[in-house]
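Please read the structure below before turning to the comments.
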Amino acid sequence: MADQADLEITWDSREGATILRPMGDVDLSRSPSLRNDIRKVFENPPEKVIVELSAVSYMDSSGVATLVEAMQLSRKSNAKLVLCCMTERVHSIFEIARLDQVFTISPDVDAALAE
Amino acid sequence: MADQADLEITWDSREGATILRPMGDVDLSRSPSLRNDIRKVFENPPEKVIVELSAVSYMDSSGVATLVEAMQLSRKSNAKLVLCCMTERVHSIFEIARLDQVFTISPDVDAALAE
Amino acid sequence: MTSERPSVEIKLVSDPMFLAGARELILGLTHRLGFKQDASGQIALAVDEALANVINHGYERQCDQPIWIKIWTTADEDEPGLRIHIEDEAKQIDPDSICGRDLDDVKPGGLGVHIIRQVMDTVVYEKKESCGMRLKMSKRLASDTNADQPEHSHG
Amino acid sequence: MTSERPSVEIKLVSDPMFLAGARELILGLTHRLGFKQDASGQIALAVDEALANVINHGYERQCDQPIWIKIWTTADEDEPGLRIHIEDEAKQIDPDSICGRDLDDVKPGGLGVHIIRQVMDTVVYEKKESCGMRLKMSKRLASDTNADQPEHSHG
Ligand SMILES: Nc1ncnc2c1ncn2[C@@H]1O[C@H](COP(=O)(O)OP(=O)(O)O)[C@@H](O)[C@H]1O
Ligand SMILES: Nc1ncnc2c1ncn2[C@@H]1O[C@H](COP(=O)(O)OP(=O)(O)O)[C@@H](O)[C@H]1O
């Protein structure tokens with residue numbers, strides 16, 4: 001299939017935290033990939049889940065919904081969820097949705113680890 | 001008019017050379033602006049004309065045609081024409097048109113001044 | 001003025017894979033019209049959300065149904081800017097039933113309509129004459145990113 | 001397969017200001033289909049050149065005439081890629097008369113058709129059944145940027 005339906009997402013582990021790094025546009029066609037990986041992380045929930053968003057240049061409300069779901073999963077499993085390295089464009093949709101104060105958002109991975 | 005028909009082009013002068021710096025896409029809608037400025041330069045031709053293309057992320061054949069016209073004007077007035085700071089994408093259209101060997105193309109302004 | 005022919009008219013199938021192309025078209029067009037990068041990005045986001053809603057709700061995820069995007073550029077008028085219509089052939093619903101969730105009740109979903117209303121100057125949903133729905137939106141060049149303004153009421 | 005409905009169909013007026021939007025749509029779409037950045041850029045360039053030719057030659061710079069871009073994505077076939085048709089309602093001309101200048105005879109112009117043929121895998125100009133011209137182009141995902149390959153012959 002030529003259609004690149006899947007979002008490329010790398011996984012990393014640091015100081016007890018799992019770091020997910022999606023790469024590309026997270027829109028209606030790609031957010032299911034992110035949702036999949038997030039659910040997988042919470043099958044064996046680590047203490048902390050960091051979603052590193054530096055390589056996400058665009059996100060629509062389906063991506064935001066996926067991250068809200070991640071927040072709910074993290075609460076259920078007493079894990080901490082931190083978003084980091086948001087581009088300005090992605091940050092603005094969190095502002096519009098008034099979620100910029102609801103999520104823990106860090107400037108970089110080190111700050112996210114320190115949260 | 002909301003339509004931004006004009007290409008923004010800055011003029012500079014250095015060591016006897018006139019440096020034109022167009023900014024934006026040089027396509028059919030914008031190449032007339034570039035042509036205008038180039039004609040203006042050759043009304044009082046300097047020794048050397050440098051077209052600095054670092055801020056041109058896209059050029060189509062109408063832009064290339066404008067630069068070929070500049071080359072003809074420069075020959076008529078015994079001036080030297082040097083293109084510099086081409087992005088890869090813009091360079092590739094010169095390759096396709098087999099003009100990459102016809103124009104003098106420098107990596108940066110200093111090299112263009114030294115040509 | 002929306003009775004005139006649109007400057008650009010796009011018909012696409014209701015497959016999420018075409019959202020990227022539609023967004024980029026809006027970005028290229030709004031940039032060319034003189035919208036700042038922020039505003040361009042927000043208009044593209046609004047169109048993306050509107051298309052996603054047609055796919056998700058109108059067509060319930062069927063991927064082979066038609067969606068139209070009609071764009072009028074109002075460059076030479078008193079209020080330069082854009083008018084955009086999004087049309088489908090999906091089931092008709094009461095326009096007043098189209099609204100997002102309470103923003104304070106944080107849960108997945110329910111943000112698209114908020115985003116569209118926040119970003120655009122005017123937003124009106126209506127039933128088309130024959131079948132399907134039409135979303136009419138506009139954005140003036142002069143209106144800066146109006147993220148801080150109150151939302152507009154239903155059409 | 002080109003008898004099926006296109007995945008995306010764009011109708012725009014023959015004003016150069018809409019070239020940017022059309023290019024960006026092609027970029028977004030080709031990127032999403034998996035074309036590398038180089039190849040995406042080249043396909044967008046080919047479409048830009050084809051549209052510019054319709055505006056310049058077909059419509060002799062009239063800015064209010066219709067142009068159609070029809071795009072078929074051939075994702076699930078043996079040869080994944082794109083088919084693009086550009087159609088106008090301009091005067092009909094002999095397809096064989098459409099060719100660029102001798103590349104060794106350097107002068108302004110005469111590059112658009114070369115670029116289109118160099119960039120795309122197949123390029124065919126034809127008269128439409130009723131009126132106007134049609135340019136049919138295709139590009140397979142597998143064919144890398146084929147800038148070094150010989151040009152294709154007329155259709
Ligand atoms: N194009 C549409 N056709 C039918 N219903 C719609 C459409 N757009 C929005 N809606 C309705 O409005 C509600 C809110 O939409 P939205 O704010 O985008 O959130 P979500 O799509 O996550 O439900 C949807 O749940 C749906 O009931
Ligand atoms: N869409 C078209 N309709 C009519 N004639 C065309 C079209 N496209 C190309 N041509 C013809 O082919 C010639 C070569 O086109 P091109 O290589 O793009 O160079 P240019 O546009 O600079 O002349 C044109 O001069 C024109 O005669």
Side-chain angles (χ1 to χ4, degrees), chain B residues 1-8 22-36 38-39 42 51 56-76 81 83 86-105, chain D residues 12-24 26-27 36-57 59 61 63 67 100-120 144-151:
Chain B
M1 269 260 302
D3 178 15
Q4 295 201 312
D6 282 353
L7 194 67
E8 211 182 309
M23 271 170 281
D25 289 4
V26 185
D27 66 4
L28 186 62
S29 72
R30 252 79 175 271
S31 52
S33 303
L34 182 58
R35 176 169 296 122
N36 261 350
I38 282 175
R39 288 193 178 158
F42 285 104
V51 185
V56 174
S57 49
Y58 178 81
M59 186 181 286
D60 69 11
S61 72
S62 71
V64 174
T66 306
L67 293 173
V68 171
E69 197 189 314
M71 184 165 62
Q72 294 176 329
L73 289 171
S74 73
R75 282 184 185 159
K76 254 188 233 157
L81 176 74
L83 312 181
M86 261 187 213
T87 61
E88 236 176 272
R89 196 168 166 206
V90 169
H91 193 262
S92 78
I93 185 176
F94 280 83
E95 281 171 359
I96 296 177
R98 289 200 228 136
L99 289 168
D100 51 328
Q101 301 303 322
V102 176
F103 281 96
T104 306
I105 302 176
Chain D
L12 66 169
V13 296
S14 54
D15 186 321
M17 76 170 292
F18 298 116
L19 291 176
R23 285 197 302 270
E24 296 304 323
I26 299 290
L27 282 178
K36 298 213 192 74
Q37 201 172 321
D38 271 20
S40 286
Q42 295 198 338
I43 299 169
L45 175 62
V47 169
D48 174 294
E49 297 289 347
L51 296 173
N53 277 345
V54 171
I55 296 172
N56 280 332
H57 306 299
Y59 289 128
R61 287 278 182 163
C63 283
I67 308 179
R101 67 163 162 81
D102 175 0
L103 285 184
D104 291 327
D105 176 23
V106 175
K107 59 185 179 193
L111 295 173
V113 173
H114 282 293
I115 290 169
I116 296 167
R117 292 189 183 280
Q118 190 101 18
V119 160
M120 303 302 284
D144 250 341
T145 73
N146 53 1
D148 294 331
Q149 287 175 26
E151 292 186 40

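Reminder, nothing fancy here: chain letters follow the sequence lines and each chain counts from 1.
- In this structure, D:Asp48 and B:Met59 have side chains that are not in contact, with every pair of non-hydrogen atoms separated by 4.5 Å or more.
- Here B:Met71 contributes atom CE and D:Lys107 contributes atom NZ; the two are 13.0 Å apart, rounded to the nearest 0.5 Å.
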Derivation of the side chain to side chain contact (heavy atoms under 4.5 Å, CB included) call for B:Leu28 and D:Arg61 = CA-CA 11 Å; B:Leu28 186 62; D:Arg61 287 278 182 163; 3.1 Å; yes
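- No more than 12 heavy atoms of other residues, nucleotides or ligands shown are found within 6.0 angstrom of CZ on B:Arg75.
- Heavy-atom minimum distance, D:Leu103 versus B:Ala97: CD2-O, 4.0 Å.
- Taking the side chain as every heavy atom from C-beta outward, D:Val106 and B:Gln72 never approach each other to under 4.5 Å.
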Checking salt bridge (Lys or Arg N to Asp or Glu O under 4.0 Å) for the pair B:Asp60/D:Arg23: CA distance, chi angles, key distance, verdict?
-> CA-CA 11 Å; B:Asp60 69 11; D:Arg23 285 197 302 270; 5.0 Å; no
Hey, mind stepping through D:Leu111 and B:Leu99 against side chain to side chain contact (heavy atoms under 4.5 Å, CB included) and telling me if it holds?
-> CA-CA 11 Å; D:Leu111 295 173; B:Leu99 289 168; 4.0 Å; yes
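- Taking each heavy atom of D:Pro108 and B:Ala65 in turn, the nearest pair found is CB-O, 3.6 Å.
- Expressed to the nearest 0.5 Å, how far CG of D:Leu27 lies from OH of B:Tyr58 amounts to 8.5 Å.
- Contact annotation for D:Ile55: only side-chain heavy atoms (C-beta onward) come within less than 4.5 Å of a heavy atom of chain B.
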Going through the distances and angles, do B:Ser61 and D:Ile115 end up as a side chain to side chain contact (heavy atoms under 4.5 Å, CB included)?
-> CA-CA 8 Å; B:Ser61 72; D:Ile115 290 169; 3.9 Å; yes
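- Within 6.0 Å of the CD atom in B:Glu8, the count of heavy atoms belonging to other residues, nucleotides or ligands does not exceed 12.
- Interatomic distance, B:Arg98 CZ to D:Gln118 CD, rounded to the nearest 0.5 Å: 7.5 Å.
- Here the CD1 atom belonging to B:Ile96 is positioned 9.0 Å from the CD atom belonging to D:Glu49, to the nearest 0.5 angstrom.
- Among the candidates B:Val64, B:Val102, B:Asp27, the residue making the largest number of heavy-atom pairs closer than 4.5 Å to chain D is B:Asp27.
- A distance of 7.0 Å separates CG of D:Leu45 from OG of B:Ser92, quoted to the nearest 0.5 Å.
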